[in-house]
Each structure stands twice: as structure tokens, then as C-alpha cells.
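Report on one structure; see the data block that follows.
Letters A, B, ... are given to chains in the order of the sequence lines, protein chains preceding strands, and every chain is numbered from 1. Keep in mind that the numbers below use all heavy atoms, side chains included, and drop hydrogens, waters and symmetry copies.
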Amino acid sequence: MPAIQQAFQQLFSSAVEAKALTFQPTRPEFEGDVTINVFPFLKASKLGPEQTATAIGEHLKANVAIVDRFNVIKGFLNIVIADRYWTDFLVEAGSRDILQLEPTGKKVMVEYASPNTNKPLHLGHMRNIFLGHSVSRILQSAGNEVVKVQVINDRGIHICKSMVAWQNFGNGEMPESSGLKGDKLVGKYYVEFDKAYKGEVEVLVNSGKTKEVAEKEAPILREAQAMLLKWEANDPEVRALWQKMNGWVYDGFNATYARMGVEFDKLYYESQTYVLGKNDVLDGLKKGVFYDKDGAVWVDNTKEGLDEKVLLRRDGTSVYMTQDIGTAIKRFEEFPGLSKLIYTVGNEQDYHFKVLFIILKKLGFPWASELFHLSYGMVDLPSGKMKSREGTVVDADDLMEEMVNEARTTGEQLSKLDDITEAEKSRLFEQIGMAALKYFLLKVDPKKRMLFDPAASIDLQGHTGPFIQYTYARIKSLLGKAGRSEDQTIRPSDNVAADDGLLTEERTVIKLLHQFPAVLHESATHLDPSSTANHTYELVKAYNSFYQVVPVLKEEDAAKRDFRVGLSAAVAKATKKAMWCLGMEVPERM
RNA sequence: GGCCCCGUAGCUCAGUGGAUAGAGCAGCUACCUUCUAAGUAGCCGGUCGCAGGUUCGAUUCCUGCCGGGGUCGCCA
């Protein structure tokens, strides 16, 4: 880059801004590795596009060692970088983890699950959890210290509904007695509640009440509301039931998280945080940041293009926003070095977070500008939106089971695994099924709404997690036969093969490896695993093309063979790390 | 209605100012006595929602419109 600027200065005695200078990978139909578009410089060079490009090209060739040759097509300067540069890079890629970037010295908190405890986890949670988990690992690989946190919405009317229903209709059913997973059991009573509630509403409507009145007066709802009040008053019996049922849910969630392969450094319980924020809001009121209207505390965001919002009710109680204000403040107190806080929450809460961040800025917290809402789109089914009340949700445990079974069916059909134990097979199919699922959810831009078709969407072939795993396993097989591990990739002498000229297949793979750190960096900057996911696919796809036509172990020239083994090892190493960043495992064989 | 997000191949998605817009799936074809065929190569498939504008150059940026979704509680 500086070389180009220098070239420009000398050739045309005129400076060029760094941002006007764009390098792009040369399109495969032309010869070259990097391409510079010279159109932006025509005014300064006062020459036509071809002459400008040629002049720069000549200069670079004469002055920059790694520039081997160039060609000019229209306004595009295609530069061929010397083989030596690529082989040197490959040695580097073999000797260290190129996907572990320089430490930034920053500590980042990522919140990536916030389930309610009244029902089991579903597909929507899975997108949230895989996304946040992957972003955490990408940030870590990009040199940050990461704190992963979960918020558990363990209190409120929703859990009281399950509790009331269990009390009324449960006959003491327990996870142990029914064989139901704890979260499923509690979820079952949430559904029971809804059924009973609807029945009661219907009865009331038939007795002449309006629907609105009936929906407010249904006895079982009143019961749940009364239970919430008792909970807030610390009623021992209610609290004991609450603890018992939440305990079941946590057991269930933990089993689900374990299978998902995700983990948290710290848990926040809403029952502990919901009291936070009140004093902060009152402080803001004193400072004149907020105002009093009819006894309630409001914030006015009309200048920011939003509207007014209540922060404390007239009776002095909190709203959702209040506790989020308090929780954010608390987190920065608990983690003094924290420089960034990321909330992985669905895009239906875009407005909420916009308001939250503005409020914290108004309260004068310097870190308020470092808050980020990692907003992701909903997951739709072919039938439309998932609705828990209509029973159209895709259950997380069921889906994982289905995916793993799918992997098993395919794997056993291929019958390449007859010599391994049943336990090893189970572990392998678990890895494959989970990767298929995770990759499917992570390969698309997080902020976009996506479609999940359980029947057809999840493939084990093509642009998928298992495709990547398969490539890795094939390389491992090669390395095994060559007696090398992926960590002892290229001996420096291996790159002698380069003197013979890199094959285009080799060059393509190395270039993709070379781009990988930049892609990872971009993934971390945009908090978007999809670019990493897609680049990993590009890499292994290119490797597969190489593998198909270029002999590795069968190559007779020992130097070339070693070089290709080293190339393969470097791909395996980067692939494994990239997959780790996406929360997926890679199998030794498949 | 106000505000926000999205609209690219039959389907699912890449592509955030550059060349003739790319993958996967689906359909068709070729390649396993050769390093794992969960693979590779090829064919088929496009008014980048529509209309203007900015620019040497727009799928990409701006405006308007159309279509889809979200959100606008002293709910969470």
C-alpha cells in the first residue's frame, strides 16, 4: 500500500489518499493475484486508464520485490505476486495460528441468551445462542478478552402461570416421576394454564361479558397475578414452589446447553436484577435528565427522533427499561475493565435498545457509546412465524436429536465406519448433526430474517457444516498417512517446490488462507459470523478442487509432496480454528 | 399512520462504489481397480422489487413508490 502511494507520488507528483486505493482479489478469469482499479486516479495522472495502470505497474515491478509481473485490462491493473511471497506465507501459516489476531487489550461482555423459565428452548433461541456464542469466540480470536453472560428471566407473571397450573392440575408430577425433562414439564403446565384460561374466558363470554372483561377477570389469571404479588412479598410457600420449578427448568436448560456445546462465564437472574435501576432513574430525575408527569418518571427522546417513555410508574414501581438501566450500570461496576457490552437479542427489541442506550448516554456514563445491540432476525418456518401458543415452535432438543439422527442415517449408508466403536460413531454423528444445524443458522447474515424448512433445509451436502468437516477429515487422513500432524506443517525446506512455479490450484488455496485473518477481523468488527462461515467454505471448496486434480502423497517429487502435505496441513489447521470460532467441532475421520 | 429492517436464479443464501452479479439445493450430464464420491467437473437457470437521482462507473449511495416483516403499553 505505501509502495503504491509512493509510486503515485513519484510518477504523477501528486498524492493519493489511502482510502481511494482499493485492492481486490483478481477475478479468476484474469492472470494476477491482486487488482488495483486506477479509475479514481485518472484526474491526477492526467493519462488514460491504460497508461496510468501501466505506469504504476512498471514502477511497482521495478521497486517492489514481491511484484513479479502485471497486466492491464481496461482500467484494471492486475498484479502477480511472486511465488516466494506465497510460499513464505504458507510457512508462517503452518508455524503459528494465523486466526489468532494481535491482543487488543480490550475486555468485551457478550450477553447471548435470555430465556424465560416457563418454557423450553426453541429454534429462535438456537439462532440467538449460536450467534452469541460464535461472536464471543470470534472476538476472542480477534484478540479480545470475552465475558459470556446469560440473563435468566426467572420471575414474573409467566412463571407464575406455570406454577398455578402445576398446583391446580399437576398432582405432584415431577421430572423424576414423569420422566419428562424439567423445562418440558414446566412448559407443559404453561400450556395447561393457557388452555384453562381460554376455557374460563369462553365461559365468561357466554355468560354475557365482553371479551376484554372476560380476559381480565378469568379466575386462573387472577390466581397467577395473586401469586406474583405473593412472590414479591416473599411468601415462603410461593418462593419454595418457585425455586423448585425453576430448578427443574435449569436442569433442563443445562442439558440443552451442554448438547449445544455452549457455556457461560456468569449468570444474571432477573429475580436479582429487577430491583436495580430505580435509584439511577431517580438520580436522573434529580439531575433533570428525566421529568415527572402525573407522578411517573419519563424520559423525552423526541429530539432523537423517538418519543417519550415511562421509566418509573406512578406507584413508583419499575418497568422493564428500569432494570435494564440498572443492570447495565451494575455490569460495568462488576467488570471495571469492560470496554464493550454486546446484547444478542432479536430485532423485535430494536426500539427498546435504542432507547436504553440513549438513556444511559443521557445519564452521562462514558461507556454508553460502547453498548451494542447485536440484533438478529426472526427464524420463520414454511408455515410462517413460530407461535408457541399454536404449537408451531420447533423445539431445540427435538431438532438436535433429529439432526443427529439424520447424520447417523447418512453416515451408516455410506458405511465407511465399520471399524470404529459404537461410542465413537455416536460422538461423530453428534459432531456432524450439530455442525449441520449450527452452520445452517450461522451462514446467513444475522440481521436478516431467515427461513427454516425442517424437511428440506438441513442438508449434509454442499454449502454446509458437514462439507467442511469432511474436507478436514480427508486432510487428516492424508496427514496420518504422511506421518504428520497439522501442527508440524511445513518445514522451511518444503517451499523449495515453489521454484518450479505454484500450480493455480495451490495458489488459489494459499490466497484464501492469506485472506482469512482479514476476514476474521471483519467478522469481529461487524459481529457477524457469517463472513467467517462463508470464507471457511470458500477455503475448503478450493482445497477440494486442488485435492481432486493435484496428487499429494502420490507425487513422486519429494519436495513437491512435502510442500503439498504442508499446504494441506495449513488448511486443516485454519479450518479447525475457524470452525471453533463458529462453535463447531471437526472429526478426525468421517 | 410514524419509525426501523428486508426484497438478488424455481428454492435457500453470498456479494456494503468497479470488469461478463456468484454459491448451495432442486433438474440434467460426466468422473470411484488412483491420496475418503458427505467429493470433483460441466449444463440449465438473473429486467439484482419498480422509477428517478449522484458518479467515469450503482445490486451496492440518495429520494420516491410497491411488496414482506417488526415496532410504536405506567407489558416483559
Touch class at under 4.0 angstrom, heavy-atom based, for A:K74 against every strand present: sugar-phosphate

Pair listing, salt bridge (Lys or Arg N to Asp or Glu O under 4.0 Å) test, anchored in residues 112-121 of chain A, at least two apart: none

Syn/anti state for B:C13 [syn: chi within 90° of 0]: anti

Pair assignment for RNA chain B - dot-bracket with | for other-strand partners, Watson-Crick or G-U under 3.5 Å: (((((((..((((....[...)))).(((((.......))))).....(((((..]....))))))))))))....

Touch class at under 4.0 angstrom, heavy-atom based, for A:D324 against every strand present: nothing

Touch class at under 4.0 angstrom, heavy-atom based, for A:H535 against every strand present: nothing

A:W231 and A:Y274 aromatic ring geometry - parallel, tilted or perpendicular at 30°/60° bounds: tilted

Could you go through nucleotides 59-64 of chain B and list every protein N or O atom that sits under 3.5 Å from one of its N or O atoms, giving the distance for each pair?
none

Protein-nucleotides 39-45 of chain B N/O pairs under 3.5 Å:
from: B:G39; atom 1: OP1; to: A:G462; atom 2: N; distance (Å): 3.2
from: B:G39; atom 1: O3'; to: A:N544; atom 2: ND2; distance (Å): 3.3
from: B:G39; atom 1: O2'; to: A:R474; atom 2: NH1; distance (Å): 3.4
from: B:G39; atom 1: O2'; to: A:R474; atom 2: NH2; distance (Å): 3.0
from: B:G39; atom 1: N2; to: A:Q548; atom 2: NE2; distance (Å): 3.0
from: B:U40; atom 1: O4'; to: A:Q548; atom 2: OE1; distance (Å): 3.1
from: B:A41; atom 1: OP1; to: A:S545; atom 2: OG; distance (Å): 2.8

Qualifying residues under salt bridge (charged side-chain N to carboxylate O under 4.0 Å, His left out), relative to A:E430, sequence neighbours excluded: A:R259

Under 4.0 Å protein heavy-atom contact, by nucleotide of nucleotides 69-76 of chain B - B base, S sugar-phosphate only: SSSS-BSB

Geometric cation-pi criterion A:R155 and A:Y269, 6.0 Å radius, 45° cone: no

